[in-house]
Asker: 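There's a structure below that I have some questions on.
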Amino acid sequence: TKKLFLNPNISELDMDQISVGNTLTFVRSVDPWGDYPFLYASQSGTTAISSHYLENGISYRFYYDEEWCVIAIEKSFL
C-alpha cells in the first residue's frame with residue numbers, strides 16, 4: 001500500500017494557483033509535503049511526475065519536462 005503524503009495546511013485554492021509553465025521550485029513551495037519520487041531515484045527516460053493529496057479527497061498530479069517546468073496537470077478525486 002502506498003502511503004499518501006497529506007498536507008492538512010494546503011487547500012484546493014493553493015493547488016489551483018499552480019499552472020502549466022510553473023517550475024518545480026514553485027510547486028514545492030506550494031506543497032513541500034508532495035510526493036516527488038523522481039528527486040530521489042534515477043528515472044531516466046521517464047516523465048517526472050509529482051503527486052499531491054488534499055484532505056478533502058482531491059489529488060493533483062503534475063508532469064514536468066527536462067527543465068523541471070510543469071507541462072501537464074491532472075486533478076481528480078481519490
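Owing to the predicted nature of the structure, the values given are computational and were not obtained by experimental measurement.
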Asker: Check for me, please, whether Val27 and Tyr40 land in the same ILVMFWY cluster - side-chain distances under 4.5 Å, paths through other members count.
Answerer: yes
Asker: Kindly write out the residues that satisfy side chain to side chain donor-acceptor pair (under 3.5 Å) with Tyr64, not counting sequence neighbours, or none if the list is empty.
Answerer: Ser50
Asker: Going by side chain to side chain donor-acceptor pair (under 3.5 Å), name the residues that satisfy it together with Ser19, two or more places apart in sequence or in a different chain.
Answerer: Asn22
Asker: Show, in sequence, the C-alpha distance, side-chain angles and deciding distance for Ile49 and Phe62, and conclude whether the side-chain contact (heavy atoms from CB on, under 4.5 Å) test is met.
Answerer: CA-CA 6 Å; Ile49 303 169; Phe62 298 105; over 6 Å; no
Asker: Tell me, please, which residues at least two apart from Arg61 pass salt bridge (Lys or Arg N to Asp or Glu O under 4.0 Å).
Answerer: Glu74
Asker: Just jot down the side chain to side chain donor-acceptor pair (under 3.5 Å) partners of Ser59, sequence neighbours excluded, or say none.
Answerer: Ser76
Asker: List in chain and number order the residues that pass side-chain contact (heavy atoms from CB on, under 4.5 Å) with Glu12, two or more places apart in sequence or in another chain; answer none if no residue qualifies.
Answerer: Asp16, Leu54, Asn56, Ile58, Tyr60, Lys75
Asker: Once side chain to side chain donor-acceptor pair (under 3.5 Å) is applied, do any residues pair with Ser11, and if so which ones, sequence neighbours excluded?
Answerer: Asp14
Asker: Given side chains that start at C-beta, do those of Leu39 and Arg28 come closer than 4.5 Å, heavy atoms only?
Answerer: yes
Asker: Considering all heavy atoms of both residues, which atom of Ile18 and which atom of Ile73 are nearest to each other, and what is their separation?
Answerer: O-CD1, 3.6 Å
Asker: On a heavy-atom basis, which atom in Phe26 and which in Ser29 lie closest, and how many Å separate them?
Answerer: O-OG, 2.6 Å
Asker: Less than 3.5 Å apart, which donor and acceptor atoms pair up between the side chains of residues 65-72 and the rest of the protein, not counting sequence neighbours?
Answerer:
from  : atom 1 : to    : atom 2 : distance (Å)
Asp65 : OD1    : Glu67 : N      : 2.9
Asp65 : OD1    : Trp68 : N      : 3.1
Asp65 : OD1    : Cys69 : N      : 3.0

Asker: State which residues pass salt bridge (Lys or Arg N to Asp or Glu O under 4.0 Å) with Glu55; sequence neighbours excluded, sorted by chain then number.
Answerer: none
Asker: Going by heavy atoms in the side chains, are Leu24 and Tyr36 under 4.5 Å from each other?
Answerer: yes
